[in-house]
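What follows is a set of notes on a single structure, which appears directly below.
Scope of the values below: all heavy atoms of this structure, side chains included, with no hydrogens, waters or symmetry mates.
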Amino acid sequence: MLTRPAAPASTGPGPGLLVSLGAWTWPGTDPAGQSIAHILLAHPPGRISPDTAEVIEAGCATSLNRSRAGRTPRGIPDLHGRLQVIGDRVLLRFHGARYGLRLPTHPTWTDLLTGCGRAVLLLGLDLLPQSADAPRVDAYLDAALATDRLLFGRAHTT
């Protein structure tokens with residue numbers, strides 16, 4: 001579901017890219033063993049000929065690069081204030097985008113996000129159908145990590 005912020009912006013990913021992204025969320029841990037919310041964004045296989053894997057990858061990488069508000073000491077993009085919690089809904093906003101991406105949520109995940117105020121953002125560069133279930137997402141993450149096809153970032157709540 002797309003939502004429009006109060007003040008329209010002129011750059012960033014358009015509604016076509018946002019509505020086509022698959023999004024998955026789950027609670028997990030960071031390298032220090034602390035609980036943290038995780039978000040995976042991946043593009044499904046293209047439905048029309050211009051939607052090649054290379055075009056999709058370039059669009060996703062460009063959107064993440066535009067959204068980088070800063071970098072952590074380890075070089076991970078940090079998207080300050082890009083997660084907005086509204087009741088039981090969570091929106092992910094990209095810098096300059098007119099719309100936000102509504103993320104799938106579960107009360108446990110939303111409570112974790114609200115409690116720690118941040119999430120790990122994974123952007124998968126390979127195609128993944130929006131209908132992928134948990135075992136398929138796990139296999140996707142294993143394969144993408146082994147082939148260096150994941151971009152990592154952090155997002156914070158507003």
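The two residues Tyr140 and Leu127 make their nearest non-hydrogen contact at CE1-O, 3.6 Å. Nearest heavy-atom pair across Ser35 and Cys116 is O-SG, 4.5 Å. Of all heavy-atom pairs spanning Leu112 and Gly28, the tightest one is CD2-N, 4.4 Å.
Between the side chain of Trp24 and the backbone N or O of Ala132, at least one donor-acceptor pair lies under 3.5 Å. A distance-only check finds a donor-acceptor pair linking the side chain of Thr105 to the backbone of Asp88 [under 3.5 Å]. One N or O on the side chain of His38 and one on the backbone of Ile36 form a donor-acceptor pair closer than 3.5 Å.
For Asp133, the CG atom is densely surrounded, since the number of other residues' heavy atoms within 6.0 Å is greater than 12.
Using a 4.5 Å heavy-atom threshold, the side chains of Ile39 and Trp109 count as touching. You'll find the side chain of Arg136 reaches within 4.5 Å of the side chain of Pro129, heavy atoms only. Side-chain contact between Gln84 and Val90 is absent, with no heavy atoms from C-beta onward closer than 4.5 Å. Contact check for Leu101 versus Leu41: side-chain heavy atoms found under the 4.5 Å cut-off.
Between Arg154 atom CZ and Leu83 atom CG the span is 12.0 Å, to the nearest 0.5 Å. Note: Leu121 CG to Thr25 OG1 = 12.0 Å, rounded to the nearest 0.5 Å. The structure places CZ of Arg82 at 9.5 Å from CZ of Arg93, a figure rounded to the nearest 0.5 Å.
Hydrophobic clustering places Leu122 together with Val137 (ILVMFWY residues linked when any side-chain heavy atoms are closer than 4.5 Å, directly or through intermediates). Both Leu21 and Leu151 are assigned to one and the same hydrophobic cluster, defined by single-linkage of ILVMFWY side chains at heavy-atom distances under 4.5 Å. A continuous path of ILVMFWY side-chain contacts below 4.5 Å connects Leu128 to Phe152, so both sit in one hydrophobic cluster. Linking Ile, Leu, Val, Met, Phe, Trp and Tyr residues whenever their side-chain heavy atoms come within less than 4.5 Å places Leu103 and Leu123 in a single cluster.
Applying the side chain to side chain donor-acceptor pair (under 3.5 Å) rule to Thr108 yields the partners His106; only residues at least two apart in sequence or on another chain are considered.
Test Thr158, Leu113, Leu91 against Val85 for side-chain contact (heavy atoms from CB on, under 4.5 Å) and you get one pass: Leu113.
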